Every structure is written in C-alpha cells, then in structure tokens.
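In each ligand, atom 1 is the first atom listed, and ligand 1 is the first ligand listed. Just so it is clear, the model here is predicted, and its values are computed rather than measured.
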Amino acid sequence: MADSNGLLREMQSEMRILGIETSCDETGVAIFDSEKGLLADALYSQVAMHAEYGGVVPELASRDHVRKIIPLIQEVMDKSGLGFPDISGIAYTAGPGLAGALMVGAAFGRSLGFALDVPTIGVHHMEGHLMAPMLESDPPVYPYVALLVSGGHTLLVKVKAFGHYEIMGESVDDAVGEAFDKTAKILGLGYPGGAALSKLADKGDSKRFHFPRPMIDRPGLDFSFSGLKTFAANTVSSHEQDDQTKADIARAFQDAIVDTLMIKCKRALVATGYKSLVVAGGVGANLALRASLQTLDAKVYFPRQAFCTDNGAMIAYVGCMRLMTGKQDQDLAIKVYPRWSLEDL
Ligand code: KG4
Ligand code: ZN
C-alpha cells in the first residue's frame, strides 16, 4: 500500500511527460519534467524527402512518421536516462494537421499510454507553438499577445492565461510561411524556401523594389499575403534573372512581410494594453523579423530557433500542463482533429 500511495504522491508532485509531434513533416519527441523542465528532445525532419515533390506529400509523411517514431522515443529515453516506468503521462498532437500523420502519433501515444497504464492527452499543435517560449530560461508572464507565424497559420492571439485564447486577427488567404515558400519557389530556391529566401534577402538592396503592405490601410488585425506572392511573380517576369535582381526581389518581399507584421503587432499591443509579445512558429526563426520586433515598445519573447519550428518539446510541455490539472483522454477511441480552432479549446 505504501508503494501505491508513494507513487500517487510522486505523480502529483512531479510529472514526466513524453511528448509526440507528428502533425506534418517533422517527427518530434521529447520528455518534459514538471520540476526539472525539458529532459531530452529529438527530431527527425522529412524535409529532404518532400523537397523532391516541391511540397509535403501526406501519405509519404505518415509512412515516415511510422518509421521514425520508435527510434526517436528510444533516443529520448537514452538521453534522459529514464525507463518507461518513469513516464507519468503521454501527450501527442491531436490537430490541426494532416489526418494520416496525426493518426500515427495519436495511435502510438494512446497505445503506449494504455500499455504503461498512464494517462494520455491530445494537444493542439498551435497551443504548442504558443507555449514554446515557456521552455526558455526567461519565460513570458501572462497576459501577452502572441504572433503565430508558421507554414500553415498566421495568427495574432490574445493570451489571457494558459488555455484562454482569443484570436484577434488571422490571414484571409496564404499563411506567412506559405507566402515565403511560394515566393522562394518563384525565385528557384527549392522547398521549403523560407530560410533560403531570407538568406538571399540579406544580399538584396532594399531600395530597388517596393512591394505593397497588404491590408494596413483598413482597421483590424487580419492579414492577406497571397497578393505579395503574385507581386513577386510579376516582378520576376518583368526583369532580368540575374542573382542581384533575385536578391533585391527577396529583400523587397521580406521587407513587406516584416513591416506588415510589425504594424499589426503594434496595433494588437495597443488594443490589449499588454506589454509582452510572444513570437512563435517557423517564420519566427526569421532574423529580420526578430530584429524588427525587438524595436517595439514591449518585451518580446522568442523560443530558441529549434523550437520555433515543429518539435516534441512544446507538445510535452502543453500536455504536462493539462495533465497536471487533471485533464486526460477518457475513452479508448483514438481521435484526431485535422481542422481545429484554438478558440475551441
Ligand atoms: O512551424 P513550422 O515548422 O511548420 C508549420 O507548422 O507550418 O513552420 C514552417 C515554415 C515554412 O513555411 C518555412 O519556410 C518557414 O516556416 N521558415 C522561415 C524561416 N525558417 C522557417 N520563413 C522565413 N524565414 C526563415 N528564416
Ligand atoms: Zn507548426
């Protein structure tokens, strides 16, 4: 009896959560400890495989998650020095994302939880991105405004507290990362080209071309980025295709994106009166955006570069927070939500 009571006490005071992320083209696994923080994380990116097709191929993504999930779990167990009996819960990304890819993490997470007799929980991928800065040594304090900029989403979120999110603005068409990737493709930079475009932009002349700043002359916090990609395509086709011209176009495109995001972040901070801004999602790795946002009249928080893009650590963190409040999967059905709003949490 003493043992089971002891175990119960230990679970209440300290939880070690295995997090699994498989929503798109990265298999991410991590172990988060409620007392000690992140114990280990491991990631496998499928980017090279999808690059050949110019975008993510869902069926290939699912199959690759199946191949990588067990070796990655083994890797974090080895890195952390823990054994399966030390794991007190399992969190997996339940959505939004590719249905088949999500099913791999969900089926695996739930089955392992069942086998180990520990609670499991499905986590919202974007909540993971929102909370990624909490893994850093100087985490933000609630409330704050969050700018979520990834390949699939562009959101300005009012974060009142953990689990209390209000979407203030979002893209009406392409996500920022998508606009980066499509423009990179137009410039012949391969897929996903966001980082490569940004590198090229460093060599560009900011005065040669001027791209529009979409939707800044009307009130509100929504975004539109598909016009910028068209503007880039038209600029490319009406000019010589030398390296400098490509760099100048990349620079003008990036400047327009950064400026637009800056203007909307400033508006969101004024509207809420909040003094902190969290930037997350893959485009949060963009150095020009980081430098520009640092000039805002707010304390700006970024996750480390590796946790801007998809990873298991952010899922383990959110899962830990939710499991600690007693939330967990209830029946045996394995559920994923390819489309799922943050506001439905
Ligand atoms: O968050 P993420 O890993 O995946 C999604 O959930 O979408 O974000 C990936 C996106 C891609 O569109 C990629 O091109 C973009 O983030 N990205 C960048 C940079 N690094 C990654 N975009 C601009 N500049 C970068 N340095
Ligand atoms: Zn993501």
| task | In plain terms, say whether D64 and R67 are close enough for a salt bridge, that is, a side-chain N and a carboxylate O under 4.0 Å apart. | result | yes

Within the 4.0 Å heavy-atom cut-off, what H153 brings close to ligand 1 is neither

#### Entry: the Zn ion (ligand 2) reached by H129 (N, O or S, under 2.8 Å)
yes

If we only consider heavy atoms of H125, is any one of them less than 4.0 Å away from an atom in ligand 1? yes

| F223 ring centre to K264 NZ or CZ under 6.0 Å, with the angle to the axis within 45°? | yes

In ligand 1, the atoms that come under 4.0 Å of a heavy atom of T309 are 3 (O)

For D255 and S206, test the side chains for any donor-to-acceptor distance below 3.5 angstrom and give the result as yes or no.
no

Quick note on ligand 1: atoms under 4.0 Å from a heavy atom of H129 include exactly 1 (O), 6 (O)

Fill in: Contact with ligand 1 for A195, non-hydrogen, under 4.0 angstrom
yes

For G177, the atoms of ligand 1 under 4.0 Å from one of its heavy atoms are 12 (O)

Quick note on ligand 1: atoms under 4.0 Å from a heavy atom of G152 include exactly 7 (O)

- Message: Pairs of nitrogen or oxygen atoms closer than 3.5 Å, one from S198 and one from ligand 1: do any exist?
- Response: no

key: Quiz item: cation-pi between R290 and F302, 6.0 Å / 45°   = yes

of all protein heavy atoms, closest to atom 22 (N) of ligand 1 is G194 CA, 3.6 Å

- Inspect the contact between D205 and R251 and indicate whether a charged nitrogen and a carboxylate oxygen are less than 4.0 angstrom apart. no

- Query: Would H125 count as a contact for the Zn ion (ligand 2), in the sense that one of its N, O or S atoms lies under 2.8 Å from it?
  - Reply: yes

Item to complete: Please check if atom CG in D297 has more than 12 non-hydrogen atoms from other residues, nucleotides or ligands closer than 6.0 Å.
Response: no

Of all heavy-atom pairs linking D222 and M215, the shortest is CB-CE, 3.9 Å

TODO: Count the heavy atoms of every other residue, nucleotide or ligand shown that sit under 6.0 Å from CG of D331, and state whether that count exceeds 12.
DONE: yes

Short version for D181: what comes under 4.0 Å of ligand 1, heavy atoms counted, is side chain

Next item on the list: Please check if any side-chain donor atom of T245 sits under 3.5 Å from a side-chain acceptor atom of E240, or the reverse.
Entry: no

Are I315 and V29 connected in a single hydrophobic cluster, I mean Ile/Leu/Val/Met/Phe/Trp/Tyr linked by side-chain heavy atoms less than 4.5 Å apart? no

Going by distance only, is there an N or O of E178 that falls short of 3.5 Å from an N or O of ligand 1?
no

Atom 6 (O) of ligand 1 has as its nearest protein heavy atom D310 OD1, 3.3 Å

Any salt bridge linking K36 with E14? Criterion: basic side-chain nitrogen under 4.0 Å from a carboxylate oxygen. yes

I'd like to know whether NZ of K199 has more than 12 heavy-atom contacts from other residues, nucleotides or ligands below 6.0 angstrom. no

Here the atoms of ligand 1 under 4.0 Å from any heavy atom belonging to G151 are 5 (C), 7 (O), 8 (O), 9 (C), 10 (C), 12 (O)

of all protein heavy atoms, closest to atom 15 (C) of ligand 1 is V283 CG2, 4.0 Å

Ligand 1 atoms nearer than 4.0 angstrom to some heavy atom of G282 are 1 (O), 2 (P), 8 (O), 16 (O), 17 (N), 18 (C), 19 (C), 20 (N), 21 (C)

The atom of D310 among N, O or S that is nearest the Zn ion (ligand 2) is OD1

Atom 24 (N) of ligand 1: closest protein heavy atom, distance to 0.1 Å, is N286 ND2, 3.0 Å

